[in-house]
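Data block below; observations after.
Every chain is numbered from 1, with letters handed out A, B, ... down the list of sequences.
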2 protein chains.
Amino acid sequence: MVPQYSSSRENYLKAIFHLQEVHGTVTTNDVASEMQTRPASVTDMLKKLKAQKLLLYEKYKGFKLSTEGRKVALQIIRKHRLWEYFLVEKLRFGWDEVHEIAEELEHIGSKKLIDRLDEFLGFPKTDPHGDPIPDSQGRWTLTRQVDLLNLPVNQQAEVSGIGDQSAEILELLNHKHIGLGTRLEVKKKFAFDNSIELKIKNQSPVTISEHVAKNVFVKYDDE
Amino acid sequence: MVPQYSSSRENYLKAIFHLQEVHGTVTTNDVASEMQTRPASVTDMLKKLKAQKLLLYEKYKGFKLSTEGRKVALQIIRKHRLWEYFLVEKLRFGWDEVHEIAEELEHIGSKKLIDRLDEFLGFPKTDPHGDPIPDSQGRWTLTRQVDLLNLPVNQQAEVSGIGDQSAEILELLNHKHIGLGTRLEVKKKFAFDNSIELKIKNQSPVTISEHVAKNVFVKYDDE
DNA sequence: AATAAAATTTAGACAAATCTAAAAAATAAA
DNA sequence: TTTATTTTTTAGATTTGTCTAAATTTTATT
Ligand SMILES: [Mn+2]
Ligand SMILES: [Mn+2]
Ligand SMILES: [Mn+2]
Ligand SMILES: [Mn+2]
């Protein structure tokens, strides 16, 4: 039997993993705000994760996932993203309504379940938000992407990922018909507020703020 | 937002519902043994369920589900059985390996998820064990389910469940081309050893022993 | 270097779900 | 109808995860 961890512990591992990826480093306060909880609760949990050897931690000095902790985090992320893919591709959910549900489904234990699901879905490489899905060994293919602020004007590109994945930004993008795989190009950048005008084929131009642009990643053939 | 109950409470509701269905009545000890827990823990939980108006309970006098408790129990059962159907029909699990996983999946909250799943599966009426799946209003179609010993002669019926689920009986039934969904009728009952002769369309008659007949359940429309 | 501010941890509490041991009530047997 | 047995409930603990308030440590500012 594979060791099982509580949903709460799995959520902490996942949060720590994400923060480690973005900044190189994580703090107690970072985790507290990511998890919508109190710093004192984070400290409590850090001790428990350390006791389970999922975390390297010395009080006041900082912490990071152990090799085992990282492995567990990647499996939760794998489950989260496969379930999101399932919800969108098989149950016709919108990409902006699957995160909450996947947040629960990711804690279902069976390894066989998730490997069968992966197979059923045809071994998808990325989830509905463009994020890579780790394989059953916890590996993923790194795709390099640029955010829209850094996409050259008039360069055709394809949306390949979203940074911030709040329901709010997804709703906004949805409304403007911007989604994974959307082909677009930047027509104008306004220096005043760094807003950007985009053109999607067969649509009238749309404008997005700097805040949004920073969170939309695209890939394009750079010759 | 629909009220949410803990997995533990949902499991208790389900257990109480099942015991109510089988016997007309449930006791603290029944629940304890069904849930693999202690009578004292059951009493603790009965008080909590009563406080939430899911249970009608007076100490030492007995208890039963309230209308609301029954409704909740039926929704958990609906989810359990739909997930079992999904696991068998879509992920190619054996019918003998899905129960444990469904025991976890049944606690996922989203109502939309389960209704979409139902639709995706084509609104199945029974789970892989032949048990009826309640619809989204908690209703199920009452089809008379009897074992083959009690099926009237010449009454067309459909195999809807197997009692004993050992590999041995499954092998025997498999050999005789009897499985879930098989349409058949009883042509003759032999008083000598209670063996039974069956007819399946386009096949020559087959005989099964009393022991086998007792473990094959069928349903038929009772007019 | 001394002080102020911020981050982190500890102390002590609470709710949920479970347990063991003991008490109380209901039921069965004598 | 007493007495014995079984069932059910209570009392008091324990574990997990969370919280507030206070103490401690680190970091930033004079
Ligand atoms: Mn989660
Ligand atoms: Mn995602
Ligand atoms: Mn369950
Ligand atoms: Mn079943």
Side-chain angles (χ1 to χ4, degrees), chain A residues 3-16 19-20 22-65 69 72-73 76 103-104 106-109, chain B residues 3-16 19-20 22-65 69 72-73 76 103-104 106-109:
Chain A
Q4 291 277 55
Y5 306 103
S6 73
S7 293
S8 182
R9 285 169 196 218
E10 292 186 344
N11 286 335
Y12 272 97
L13 291 174
K14 200 160 55 103
I16 295 168
L19 291 166
Q20 269 185 193
V22 177
H23 317 77
T25 172
V26 210
T27 69
T28 303
N29 275 346
D30 287 345
V31 177
S33 96
E34 175 92 356
M35 301 273 305
Q36 312 237 76
T37 185
R38 296 298 174 162
S41 309
V42 174
T43 302
D44 289 342
M45 185 56 84
L46 296 180
K47 289 186 211 160
K48 291 169 192 161
L49 294 176
K50 181 185 183 178
Q52 281 178 299
K53 298 190 190 304
L54 297 169
L55 194 73
L56 308 174
Y57 168 54
E58 294 210 66
K59 63 176 175 178
Y60 292 113
K61 296 294 191 64
F63 53 90
K64 64 175 189 179
L65 294 180
V72 174
I76 309 303
E103 204 55 51
E104 291 187 60
E106 70 189 359
H107 304 292
I108 303 293
Chain B
Q4 291 275 53
Y5 308 102
S6 72
S7 293
S8 181
R9 284 166 197 221
E10 292 185 345
N11 286 335
Y12 273 97
L13 291 174
K14 200 160 54 101
I16 295 168
L19 292 166
Q20 269 186 193
V22 177
H23 319 75
T25 173
V26 209
T27 69
T28 303
N29 274 347
D30 287 345
V31 177
S33 97
E34 175 93 355
M35 302 273 305
Q36 312 237 76
T37 186
R38 297 299 173 156
S41 308
V42 174
T43 302
D44 290 342
M45 185 57 84
L46 296 180
K47 289 187 210 161
K48 291 170 193 162
L49 295 176
K50 181 187 183 178
Q52 285 180 113
K53 300 190 187 304
L54 297 168
L55 194 73
L56 308 173
Y57 167 57
E58 294 209 67
K59 62 178 177 176
Y60 292 114
K61 295 293 192 63
F63 53 90
K64 65 174 187 180
L65 295 180
V72 175
I76 309 303
E103 204 55 51
E104 290 187 60
E106 70 188 358
H107 304 293
I108 303 293

What is the distance, to the nearest angstrom, from the [atom1] atom on [X] to the [atom2] atom on [N]?
{"X": "B:Leu13", "N": "C:dA17", "atom1": "CG", "atom2": "P", "result": "11 Å"}
{"X": "B:Asp30", "N": "D:dT6", "atom1": "CG", "atom2": "P", "result": "16 Å"}
{"X": "A:Lys59", "N": "C:dA7", "atom1": "NZ", "atom2": "C1'", "result": "15 Å"}
{"X": "A:Leu46", "N": "D:dT16", "atom1": "CG", "atom2": "P", "result": "16 Å"}
{"X": "B:Phe63", "N": "C:dA26", "atom1": "CZ", "atom2": "P", "result": "16 Å"}
{"X": "B:Lys48", "N": "C:dT18", "atom1": "NZ", "atom2": "P", "result": "7 Å"}

Do B:Tyr60 side-chain and D:dT7 base share a donor-acceptor contact under 3.5 Å?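 Donor-acceptor pair under 3.5 Å: no.
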
Between [N] and [X], is there an OP1 or OP2 to side-chain N/O distance shorter than 4.0 Å?
{"X": "A:Thr37", "N": "D:dG17", "answer": "no"}
{"X": "A:Asn29", "N": "C:dA6", "answer": "no"}
{"X": "A:Thr43", "N": "C:dT9", "answer": "yes"}
{"X": "B:Arg9", "N": "C:dA17", "answer": "yes"}
{"X": "B:Arg38", "N": "C:dT20", "answer": "yes"}
{"X": "A:Ser41", "N": "D:dC19", "answer": "yes"}
{"X": "A:Thr27", "N": "C:dA7", "answer": "no"}
{"X": "A:Lys61", "N": "C:dT8", "answer": "no"}
{"X": "B:Ser8", "N": "C:dT18", "answer": "yes"}

Nucleotide nearest A:Tyr57 when distance is taken to its side chain, options C:dT10, C:dA17, C:dT9: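 Among C:dT10, C:dA17, C:dT9, the one nearest the side chain of A:Tyr57 is C:dT9.
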
Straight-line distance of A:Leu49 CG to A:Leu65 CG, nearest 0.5 Å: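 Here the interatomic distance stands at 8.5 Å.
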
So do the side chains of A:Glu106 and A:Asn11 get within less than 4.5 Å of each other, counting heavy atoms only?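 Yes, side chains in contact.
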
Touch check for B:Thr28, heavy atoms < 4.0 angstrom, all strands: base, sugar-phosphate only, or nothing?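 Sugar-phosphate, backbone atoms only, no base.
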
